[in-house]
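These notes concern the structure reproduced below.
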Amino acid sequence: MGLNPITTTKKIKEDYVEYLSSMFFFQDKDLMNQAKKMLGEEGKFVKGPFIEITQPFIKGKNLMELIANGVISEEFFALKNHFPLERPLHIHQETAIKKVVEGRNIIVATGTGSGKTECFLLPILNELMREKEAGTLTDGVRALLLYPMNALANDQIARLRDILKDYPYITFGRYTGETEEEQKKAEELFYKTNPDVELIPNELISRQQMRKTPPHILLTNYAMLEYLLLRPKDNEFFSGENAKHWKFIVLDEAHIYNGAKGTEISMLIQKLKERISHYQHNHLTCIATSATLGGGKNARKEVAKFATDLFHEPFYPDDIIESKRVNLTNRKIHGVKRSSKEYTGLERTKDNIALYSFLKDDLNVIQLQEILQSEPQLLSDLARKFFVNENLSNQARLEAIVQLVNLCAMAKEDQESMPLLPARYHVFVKALEGAYVSLYKKRLLFLDRRKSYKLPDGNVVVTFELANCQRCGQEYIVGLTKDEKLEHADADVDIEGMNRRKPEFYMLSKPEEAMHTISVDDDELIVVGSDKAKEIATDEYILCTACGHIEQAGKKRQTNCCNFPEEKYIKVLKLKNC
């Protein structure tokens, strides 16, 4: 019957919390107790299991029909091993292809596993095939696929390699920080990282090669695109004969480009458009994909405006393409209401069709389908809605609903059909964002990212990023000094070996050693931790726990750094060579 979602989730939680607990070893017993309490909170780091049903997508036309109707090129016959011509597309894929062929900008807002890639890849390949038919498929970028991280670009390049090995007329290349300058080194790296893969001639793998003959499909990330636009040696992508044919900009995972990052990407796309506008012959089509944008008709205007602002191109609510699924409960029946005991033993049956006949008119099954069609449910919440008239414990009710879901996942009308309840479980494990601490008056630990903390009286104080020695538990705060303020050392993407300031580490004193009052000429040295402190620390600093003001001890101190009482100051020791 597969994994039990209840026991599996319990084991995942226990193991993960044990792992996180091993990272927290503080000398400060109060901080240690706070960490243990938070790690043990129900649902804080592990939540689930959730149950979701995945109704089949509504089908549309197949590629053969689109070819026959003149929507796409007959050249797709060459790729029939990768895109079966007679297999129906999802209706959202068909819609996307038609809109892009018409020159419309689109937002593909469909879930994971819905075939978002085909929504932009098929029309891009079609455009290149049309050029091949017309004899105009020369060097130069037609489509830019922009990814937020190299891993996603690497996945896509592998897929393009597999598809286009059967269509050598279309060239493609990935230009990121990992791309080698020289062809020989690029080939060595390729075979080292892809030992069982043949290098095909239409995959361009070095920077030199791509500058000489820019690929039709260029994959990169936004940080590298900014470099490409700045460097004169990369002009070949954006100017002259090679820049005449730009046609598509595709932004993958567009939902992450909000706030300041969204503004940055919007300006970058505008720079790109201005750069190629002097040479470009084609209308530029913009495509955004996301598994989390969308959200129904009420959100369409907002999503369209978001994309319009991002690309500086018109998007309309009708340009948002969402998936459509088959309604599993589109029927009116007089069903059978069964107790939990009536399902016992059924899981041993090997006749899935007989099981389907038994369950298809079951009112519990129909209720399951109706509830889960609207949205995924936490299993514990779902279980409370079933078998309410039976005298069952919470655990027994959970086990009963798991048993019913398992039976529905087995039941099929015939061997080719979808299960009666195509369900799957999800457990969400939250990554630890770090540890943060408020030091004002008392130490308060946080295990979620934050830069400030609101006191009970309404005043706001800063928080500091916390680190600890894995051997002895000594606590440190980590940050960067800017204008005599200790701020969080938020890491930026390191591109092309750019130098970044190293974070500074400051050893915290014990709570009883905190400074309640400080005079300007106070130069007393607080010895923190063991005798080793003097060896690894350099200078003593005075830190304001309210606003983060920091300065070297013994120097003339700014006594009015903020409007909090004087007991806000503590002494810290800055570590060497950090």
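These values consider heavy atoms only, across backbone and side chains, with no hydrogens, waters or symmetry-generated copies. All of these numbers come straight from a predicted model, not from anything done at the bench.
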Between the main-chain N or O of [Y] and the side-chain N or O of [X], is there a donor-acceptor pair closer than 3.5 Å?
X    : Y    : answer
N126 : L122 : no
H245 : N282 : no
S277 : E274 : yes
K485 : L480 : no
E94  : K61  : yes

Under 4.5 Å between any side-chain heavy atoms of [X] and [Y], yes or no?
X    : Y    : value
K59  : L89  : no
L228 : Y175 : yes
F446 : L466 : no
L382 : I371 : yes
F45  : L432 : yes
E264 : E226 : yes
K247 : T285 : yes
N235 : R275 : yes

Check whether more than 12 heavy atoms from other residues, nucleotides or ligands sit under 6.0 Å from atom [atom1] of [X], and answer yes or no.
X    : atom1 : result
K185 : NZ    : no
M418 : CE    : yes
E302 : CD    : no
K80  : NZ    : no

* With under 30° as parallel and over 60° as perpendicular, where do the rings of F505 and Y476 fit, or are they tilted in between? ->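 Taking Y476 first and then F505, their aromatic rings stand perpendicular (interplane angle over 60°).
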* Asked: So F428 and H426, would you call those rings parallel, tilted or perpendicular, with 30° and 60° as cut-offs?
  -> parallel
Between the side chains of [Y] and [X], is the shortest nitrogen-to-carboxylate-oxygen separation below 4.0 Å, so that they form an ion pair?
X    : Y    : value
R211 : E181 : yes
E118 : R159 : yes
R300 : E322 : yes
R450 : D448 : yes
E127 : R142 : no
E102 : K98  : no

* Distance-minimising heavy-atom pair for S290 and A254 ->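 In terms of heavy atoms, the two residues are closest at CB-N, 4.3 Å.
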* Asked: Which atoms form the tightest heavy-atom contact between S73 and I67, and what is the distance?
  -> O-CG1, 3.6 Å
* Asked: Between Y436 and F464, does the ring centroid distance fall short of 6.0 Å?
  -> no
* Set of salt bridge (Lys or Arg N to Asp or Glu O under 4.0 Å) partners for D319, sequence neighbours left out ->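 Partners of D319 under the salt bridge (Lys or Arg N to Asp or Glu O under 4.0 Å) test: R104.
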* **Derivation of the salt bridge (Lys or Arg N to Asp or Glu O under 4.0 Å) call for E133 and R130** => CA-CA 5 Å; E133 290 174 332; R130 293 295 193 193; 3.5 Å; yes
* **Criterion salt bridge (Lys or Arg N to Asp or Glu O under 4.0 Å) on K412 and D414, from CA distance to verdict** => CA-CA 5 Å; K412 293 184 177 182; D414 55 63; over 6 Å; no
* To do: Have a look at H216 and tell me which of D139, N202, T171 forms a side-chain hydrogen bond (donor to acceptor under 3.5 Å, both in side chains) with it.
  =>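 Only one option passes, and that is T171.
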* **Sole residue of E313, Q280, H312 in side-chain hydrogen bond (donor to acceptor under 3.5 Å, both in side chains) with K273** =>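 Among E313, Q280, H312, the one meeting side-chain hydrogen bond (donor to acceptor under 3.5 Å, both in side chains) with K273 is E313.
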* **Rounded distance [0.5 Å steps], CE in M64 versus CG in N69** =>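 Taking CE in M64 and CG in N69, the distance rounds to 12.0 Å.
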* Carefully, step by step, assess E187 and Q183 under the rule side chain to side chain donor-acceptor pair (under 3.5 Å). => CA-CA 6 Å; E187 290 179 5; Q183 182 67 17; 3.1 Å; yes
* F50/Y425 under ring-ring contact (aromatic ring centres under 6.0 Å, His included): CA gap, chis, key distance, verdict -> CA-CA 5 Å; F50 288 84; Y425 293 102; over 10 Å; no
* Any side-chain donor near an acceptor of the partner, Q156 and Y147, under 3.5 Å ->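 Short answer, yes.
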* Face-on cation placement of K132 at Y169 ring, 6.0 Å and 45° thresholds ->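 Positive - K132 is close enough to the ring of Y169 and near enough to its axis.
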